[in-house]
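Residue numbering restarts at 1 for every chain, and letters A, B, ... go by the order of the sequence lines. Hydrogens, waters and symmetry mates play no part in the numbers below; they use all other heavy atoms, side chains included.
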There are 2 protein chains.
Amino acid sequence: MNRIHRKVEYALIALKHMRGKNPGERTTVKDMATQYRCPHDVLARVLQTLASRGVLKSEQGVHGGYLIAKDLNRVSFYDLLEMILGPMEVARCLQEPTASADSDPKAPFANDEAAVCELRETCNIVSPIQLLNRKMSEFYRNLSVAELIEAGRSLKSRESAKVNGAQL
Amino acid sequence: MNRIHRKVEYALIALKHMRGKNPGERTTVKDMATQYRCPHDVLARVLQTLASRGVLKSEQGVHGGYLIAKDLNRVSFYDLLEMILGPMEVARCLQEPTASADSDPKAPFANDEAAVCELRETCNIVSPIQLLNRKMSEFYRNLSVAELIEAGRSLKSRESAKVNGAQL
DNA sequence: TAAACTCGGTCTTTTTTAGTCTTATTTCAA
DNA sequence: TTGAAATAAGACTAAAAAAGACCGAGTTTA
Ligand code: SF4
Ligand code: SF4
């Protein structure tokens with residue numbers, strides 16, 4: 001139910017990987033793609049997006065690669081999702097009414113909003129859906145990428161807490 | 001991004017509809033399907049599921065129909081999602097460790113869990129993913145269906161015809 | 001009995017997501 | 001200067017999931 005997208009996982013994998021590097025140290029896409037066995041192209045595209053949004057910095061050339069350019073404590077999980085998947089809209093009606101300062105150029109939504117859902121005329125749950133959308137956005141905004149990535153460092157795996165556990 | 005499933009919307013529509021009825025009054029699937037212009041079969045199946053889980057009660061026969069059987073304040077949005085979409089798993093690894101009392105027969109997961117995701121061996125974000133899963137479950141659990149459905153009753157929505165000036 | 005409904009399974013279509021292929025562009029080291 | 005190594009980006013294909021349609025069976029009451 002409600003599964004996260006693969007691209008987001010790739011982003012987290014890459015971010016967590018780079019997080020452990022020395023400042024200024026670059027990591028190439030190929031490196032990460034091979035190490036974590038994720039498709040090179042997909043990962044590359046995701047990282048490009050993140051770079052274009054300022055989270056990463058990319059260096060081209062023979063010794064190029066990516067490095068983290070922004071404090072991940074200041075990047076919310078909402079931001080990450082929004083960069084990769086577009087703005088949060090929990091249902092096909094309603095564009096995000098929060099409409100923070102960004103003007104997304106790839107969203108030409110000027111036309112009729114009623115067209116997006118054919119049930120809109122008779123729908124009785126637009127208010128609930130709006131509420132849900134607001135709450136979920138808030139939830140994602142209150143979760144920083146750093147907090148996510150750092151998970152497991154200081155807390156053991158719940159009840160199990162077995163040292164000689166499964167695979168390592 | 002992260003759009004809610006149509007079936008869930010249908011469920012909410014139906015629940016909100018029945019919510020306004022007198023206690024004991026039944027509503028037929030056909031009624032709701034035509035009134036809200038949603039596909040009869042899909043709505044019917046969703047309501048069947050809800051009935052089997054005790055949220056609704058179904059009466060067969062010529063004057064049959066559905067009615068709400070459970071206080072919606074005691075039904076969390078998580079419950080609703082779980083009934084319709086199955087247990088929350090934010091990524092393809094990790095089965096929800098909460099494992100509420102049900103033994104799902106369609107889930108023969110006794111075998112190796114590593115098979116569900118081919119990246120598992122090299123993955124560095126299982127802890128983050130688990131954390132996210134936990135947080136999201138918690139979020140959904142803290143949101144009752146009643147709270148959702150009732151949205152818009154007391155707060156102003158878009159163009160409210162309320163003269164009384166109830167503004168948020 | 002027969003009508004009007006729920007129930008439950010299977011099937012097809014549609015939509016979304018994931019991944020691949022290809023080509024261009026940038027950069028730097030030899 | 002030149003070419004290797006990397007990013008950048010568009011188009012295409014395949015796979016998976018979701019939505020919806022079909023149909024046949026069971027129930028209840030007019
Ligand atoms: S069904 Fe109602 S809520 Fe869901 S998208 Fe269509 S209009 Fe918006
Ligand atoms: S990628 Fe890592 S986290 Fe996502 S499913 Fe595979 S194993 Fe679980």
Side-chain angles (χ1 to χ4, degrees), chain A residues 1-11 13-14 18 25-34 36-53 55-67 69 81 84-86 89-92 105-106 116-119, chain B residues 1-11 13-14 18 25-34 36-53 56-67 69 81 83-86 89-92 105-106 116-119:
Chain A
M1 166 240 280
N2 236 348
R3 205 164 277 179
I4 210 180
H5 288 214
R6 218 69 206 270
K7 292 178 186 170
V8 177
E9 288 195 302
Y10 294 151
I13 287 175
M18 296 188 208
E25 187 174 352
R26 304 163 188 183
T27 316
T28 171
V29 171
K30 198 163 97 180
D31 270 4
M32 293 190 278
T34 53
Y36 298 108
R37 297 236 240 297
C38 47
H40 179 281
D41 283 17
V42 180
L43 177 60
R45 180 172 2 250
V46 170
L47 296 190
Q48 285 164 25
T49 306
L50 261 53
S52 79
R53 299 296 288 273
V55 175
L56 298 180
K57 190 165 181 302
S58 75
E59 300 285 349
Q60 286 190 328
V62 63
H63 283 147
Y66 283 101
L67 51 92
L81 291 176
I84 299 176
L85 267 40
E89 29 182 299
V90 84
R92 48 186 88 182
K106 66 176 176 185
V116 292
C117 177
E118 65 281 9
L119 286 77
Chain B
M1 166 237 284
N2 237 347
R3 206 165 274 178
I4 210 180
H5 288 214
R6 220 65 205 273
K7 292 178 186 171
V8 177
E9 288 195 300
Y10 295 152
I13 287 176
M18 296 187 206
E25 187 175 352
R26 302 163 189 183
T27 315
T28 171
V29 171
K30 199 165 96 181
D31 270 5
M32 292 189 279
T34 53
Y36 297 107
R37 298 236 240 296
C38 49
H40 180 282
D41 284 17
V42 180
L43 178 59
R45 169 131 14 113
V46 170
L47 296 189
Q48 285 165 25
T49 306
L50 262 52
S52 80
R53 301 294 290 271
L56 298 180
K57 190 165 179 302
S58 77
E59 301 285 349
Q60 285 190 330
V62 63
H63 282 146
Y66 283 100
L67 50 91
L81 290 176
M83 291 176 199
I84 300 177
L85 266 40
E89 29 181 300
V90 85
R92 49 186 87 179
K106 67 177 177 184
V116 292
C117 177
E118 66 281 9
L119 285 78

Given D:dA18, D:dT7, C:dT6, identify the nucleotide with an atom nearest to the side chain of A:V29.
D:dT7

Of A:E59 and A:N2, whose closest DNA chain D nucleotide lies nearer the 5' terminus?
A:E59

Give the nucleotide from the list C:dG19, D:dA18, D:dA8 with an atom nearest to the side chain of A:R6.
C:dG19

More 5' along DNA chain C: B:G65 or A:D41, using each one's nearest nucleotide?
B:G65

Just N and O in the side chain of B:T28: are any of them under 4.0 Å from OP1 or OP2 of C:dA4?
no

Are there more than 12 heavy atoms of other residues, nucleotides or ligands under 6.0 Å from atom CZ of B:R37?
no

Of all the nucleotides listed (C:dT16, C:dT26, C:dG8), which has the minimum atom distance to the side chain of B:Q48?
C:dG8

Figure out the OH/P separation between B:Y66 and C:dT6, and round it to whole Å.
6 Å

Atom-pair distance (CZ on A:R26; P on C:dC28), nearest Å
8 Å

Can you check the B:R37 CZ to D:dG20 P distance for me, whole Å?
15 Å

Nearest to side-chain heavy atoms of B:P39, which nucleotide of D:dG20, C:dT22, D:dA8
D:dG20

Here the distance between atom C1' of D:dA8 and atom CG of A:L43, to the nearest Å, is 14 Å

Is there a side-chain contact between A:K7 and the phosphate of C:dA18, meaning an N or O under 4.0 Å from OP1 or OP2?
no

Considering only side-chain heavy atoms of A:S58, which listed nucleotide, D:dT29, D:dA21, D:dA8, is closest?
D:dA8

Nucleotide C:dA29, atom P - distance to CD of A:Q60 in whole Å:
14 Å

Are any non-hydrogen side-chain atoms of A:L85 and B:N2 less than 4.5 angstrom apart?
no

Just how far, in rounded Å, is P of C:dT14 from CZ of A:R92?
15 Å

Please report the closest heavy-atom contact between A:L81 and A:V8, naming both atoms and the distance.
CD2-CG2, 3.8 Å

What closest approach, in Å, do B:Y36 and A:L119 show between heavy atoms, and which atom pair accounts for it?
O-CD2, 3.7 Å

At less than 4.0 Å, is any side-chain N or O atom of B:H63 found next to OP1 or OP2 of D:dT28? Yes or no.
no

Is the phosphate of D:dA19 approached by B:Y10 (side-chain N or O, under 4.0 Å from OP1 or OP2)?
no

Looking at B:H40, I'd like to know whether one of its side-chain N or O atoms comes within less than 4.0 Å of OP1 or OP2 on D:dA21.
no

Take the protein atom CD1 of B:I84 and the nucleotide atom C1' of D:dA17, then report the distance between them rounded to whole Å.
16 Å

Tell me: CG of A:L56 to P of D:dA6, nearest whole Å?
17 Å

Here the pair of heavy atoms bringing B:C117 nearest to A:R6 is SG-NH2, 2.9 Å

Nearest heavy-atom neighbours spanning A:A91 and B:R3
CA-CG, 4.0 Å

Is any side-chain N or O of A:R45 under 3.5 Å from a base N or O of C:dT20, one able to act as donor and the other as acceptor?
yes

